[in-house]
Protein chains: 2
Amino acid sequence: MSKCEQCIVREFNSLKALTKEELIRVTGCKTSKIVKKGEVLFDEGEYINGIFCVKDGVCKVSKMSDNGRDQIIHLIKKGDIIGERSLINNEASNLKAIAVNDMEVCFIPKEEILRDLENNASFSMDILKKMANSLKEADDVIVDMAQKTVKQRLAATLLLLDAKFDKNENGSMNISLSREDIANIIGTATESAIRLLSEFKKKKLIDLKGKEIFINDIKALRELSEGF
Amino acid sequence: MSKCEQCIVREFNSLKALTKEELIRVTGCKTSKIVKKGEVLFDEGEYINGIFCVKDGVCKVSKMSDNGRDQIIHLIKKGDIIGERSLINNEASNLKAIAVNDMEVCFIPKEEILRDLENNASFSMDILKKMANSLKEADDVIVDMAQKTVKQRLAATLLLLDAKFDKNENGSMNISLSREDIANIIGTATESAIRLLSEFKKKKLIDLKGKEIFINDIKALRELSEGF
DNA sequence: CGATTGCTTGACCCCCATCAATCCTCGTGG
DNA sequence: CCACGAGGATTGATGGGGGTCAAGCAATCG
């Protein structure tokens, strides 16, 4: 089993605040796991009893709305940690996580993390900072959802994806979301998202080749998302 | 100056986790303040440099969207703490807070809180829990904003206000929001909110007497908010 | 190579944003 | 005490955004 002390991924998240001794203990109690594309990492209502550290791959984190449609709230990628919130307030997860492509994750059981939170102020402070930042981002999303048109939200989402994920060799975004996924991020019907995507393509803001998306005109997209 | 050790309000928020000695120090460095209805407690972009503990009154916390409308994201009331997020990630506030009625608040400077966060694991754990819970609530708001109609959101907001605030003697909700405020909570135009309110009144779900709002039929409102 | 799933486009219609006009309410000054 | 002005509340009219249903097309898979 690979050792946390030597894991590069750790450097990107709060686990970097752990001491060497703590990391060795984590190595001893963690489990690794492969999650195939489309598989459920955890579901709404499930007790996770620990946190996941994503070594590779991407998953979509969503919540079912009363009307029966999934709203995607987060995209989690390599280096991110997920599950810490349910762990902290000791509740079942309010969210569902599904792998967007094949993932490799490590699972660290609750007790170990709670112990570290108690004893390592620097670790808990880092978690605090991460959560404060997530809250700030959530504020932005709420405002966008409440005030922006679907077109603006699509433009903003494309920019966000462009910033968050790497490019393939040909310049397309290295994340394979279905049209439905995209619609579920911006909170609209799949057909609406499709229509707007092809409108953007017609205006040369983006290019579409099957599932691949190329961002051509960041500036225009930014103006669109801000409502010009 | 009143003493934090004897302040009842503290029992409702994370400050209850502080030790007696810490509370005495807080008493020594805190300042009290009266904020009149309509006055700004803090503005977007401002460095707060501490936290506010609300002894009395209510304030609306909002964020300006690109299109120039304020979106109200939180309503903060007696017993709540506000400002901890900007303090934790050491940034200017991304939100604006305006008093909805006359308020009485205590201000505790940053250094004191940071010191307590470092030294009192139970305090920082309590803050963590509060933030984890806020994130969960934010998820719900995002889903509602993205997926629900304006009518559903108004119903949900009325229920939320009903649950969060006390009643007056005559049974109306003890919070005086303008129609514009209500519209800015649910993220719609003022006229739309007004129209829906009078529709609800016609259907006997609520009653309106000037600014006062009476909730008549919780069950019907709940069904409405869930989309029946 | 069917068959299932996802993508795309068209048609239709309702919700809601916007503009405009009026009414109401309340605080201020004459 | 009243007049008046300003801001909020209300109602009407209108047009466009976007949700929904339906049908045709492409692609992926057993």
Side-chain angles (χ1 to χ4, degrees), chain A residues 36-38 60 65-72 98 100-101 143-157 175-202 206-213 224-225 227-228, chain B residues 36-38 60 65-72 98 100-101 143-157 172 175-202 206-213 224-225 227:
Chain A
K36 294 265 181 205
K37 172 178 180 172
K60 54 183 178 183
S65 79
D66 291 328
N67 68 25
R69 258 217 305 264
D70 255 341
Q71 176 67 35
I72 296 179
I98 296 184
V100 166
N101 49 28
V143 173
D144 284 357
M145 287 294 177
Q147 306 272 4
K148 288 190 171 175
T149 65
V150 171
K151 189 185 292 191
Q152 289 177 296
R153 281 183 266 159
L154 176 59
T157 297
I175 178 168
S176 63
L177 296 170
S178 69
R179 304 297 191 223
E180 189 182 7
D181 286 335
I182 294 176
N184 289 345
I185 293 173
I186 66 185
T188 189
T190 308
E191 299 94 320
S192 300
I194 289 176
R195 255 179 266 267
L196 289 170
L197 279 173
S198 74
E199 180 187 330
F200 285 4
K201 178 181 175 179
K202 201 167 291 175
I206 62 173
D207 251 327
L208 302 172
K209 300 230 172 72
K211 269 195 152 186
E212 290 187 289
I213 300 179
L224 246 184
S225 83
F228 290 115
Chain B
K36 295 266 181 203
K37 172 177 178 171
K60 53 183 177 184
S65 77
D66 291 328
N67 68 25
R69 260 217 303 264
D70 255 340
Q71 176 68 34
I72 297 179
I98 296 184
V100 166
N101 48 29
V143 174
D144 284 357
M145 287 296 178
Q147 305 273 4
K148 288 189 172 176
T149 65
V150 173
K151 189 186 290 189
Q152 289 177 296
R153 280 183 266 159
L154 176 58
T157 297
S172 69
I175 179 169
S176 63
L177 296 170
S178 70
R179 303 297 190 222
E180 190 182 7
D181 286 335
I182 294 176
N184 289 345
I185 293 174
I186 66 184
T188 188
T190 307
E191 300 95 321
S192 300
I194 289 175
R195 256 178 265 267
L196 288 170
L197 279 173
S198 74
E199 180 188 329
F200 284 5
K201 178 181 177 181
K202 202 167 288 174
I206 62 173
D207 251 328
L208 302 172
K209 301 232 172 71
K211 270 195 153 185
E212 290 188 287
I213 301 179
L224 246 183
S225 82

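Residue numbering restarts at 1 for every chain, and letters A, B, ... go by the order of the sequence lines.
A search for side chain to side chain contact (heavy atoms under 4.5 Å, CB included) contacts involving K36(A) returns E39(A), D102(A), not counting sequence neighbours. In this view, T149(A) and K151(A), Q152(A) satisfy the side chain to side chain contact (heavy atoms under 4.5 Å, CB included) rule, not counting sequence neighbours. By the side chain to side chain donor-acceptor pair (under 3.5 Å) test, D66(B) is found to be paired with K148(A), residues two or more places apart in sequence or in another chain being considered. In this view, N67(A) and S65(A) satisfy the side chain to side chain donor-acceptor pair (under 3.5 Å) rule, not counting sequence neighbours. Annotation: side chain to side chain contact (heavy atoms under 4.5 Å, CB included) contacts of A183(A) (sequence neighbours excluded): T188(A), T190(A), A193(A).
Looking at heavy atoms from C-beta onward, L177(B) lies out of side-chain contact with I72(B) at the 4.5 angstrom threshold. Side-chain atoms of N101(B) and I175(B), non-hydrogen and from C-beta on, never get closer than 4.5 Å to each other. Here the side chains of D207(B) and K201(B) are in contact, with some heavy-atom distance below 4.5 Å.
For DNA chain C, the span of nucleotides reached by chain A at under 4.0 Å from its heavy atoms goes, 5' to 3', from dC7(C) to dA11(C).
Interatomic distance, I186(B) CD1 to L154(B) CG, rounded to the nearest 0.5 Å: 4.5 Å. Interatomic distance, OG of S225(B) versus CG of D144(B), reported as 7.5 Å (0.5 Å rounding).
If you check residues 181-189 of chain A against DNA chain D, the residues with a heavy atom closer than 4.0 Å are T188(A), A189(A), listed by number. A heavy-atom distance below 4.0 Å to DNA chain D is reached by these residues of residues 146-155 of chain A, ordered by number: T149(A), V150(A).
Smallest separation of non-hydrogen atoms from S172(B) and E212(B): OG-OE2, 2.8 Å. Nearest approach of S176(A) to V100(A), heavy atoms of both residues: O-CG1, 3.5 Å. Across every non-hydrogen atom of R69(A) and A189(A), the tightest pair is NH2-N, 4.4 Å. Among all heavy-atom pairs drawn from Q71(B) and V143(A), the shortest one is CB-CG2, 3.9 Å. Across I213(A) and L208(A), no two heavy atoms sit closer than the pair CG1-CD2, 4.0 Å.
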Find every protein N or O atom lying less than 3.5 Å from an N or O atom of nucleotides 5-8 of chain D, and list the pairs.
none

Identify the pairs formed between an N or O of the protein and an N or O of nucleotides 24-27 of chain D at a distance under 3.5 Å, and give each distance.
none

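A straight line from CZ of R195(B) to P of dG12(D) spans 9 Å, rounded to a whole angstrom. Following rounding to the nearest Å, E191(A) (CD) and dC21(D) (P) show an atom-to-atom distance of 9 Å.
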| task | Check step by step if side chain to side chain contact (heavy atoms under 4.5 Å, CB included) holds for I182(B) and I194(B). | result | CA-CA 9 Å; I182(B) 294 176; I194(B) 289 175; over 6 Å; no

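Among residue pairs with one or both ends in residues 177-197 of chain A, those qualifying as salt bridge (Lys or Arg N to Asp or Glu O under 4.0 Å) are K60(A)-D181(A); sequence neighbours excluded.
Nucleic acid contact class of T190(B) (heavy atoms, under 4.0 Å, all strands): none.
Projected onto DNA chain C by closest heavy-atom contact, I194(A) and R69(B) fall at different nucleotides, the more 5' of which corresponds to I194(A).
With the end axes of the helix from dC1(C)-dG30(D) to dG30(C)-dC1(D) each set by five pairs, the angle from one to the other reads 40° at 10° resolution.
Atom NZ of K211(A) is surrounded by more than 12 heavy atoms from other residues, nucleotides or ligands within 6.0 Å.
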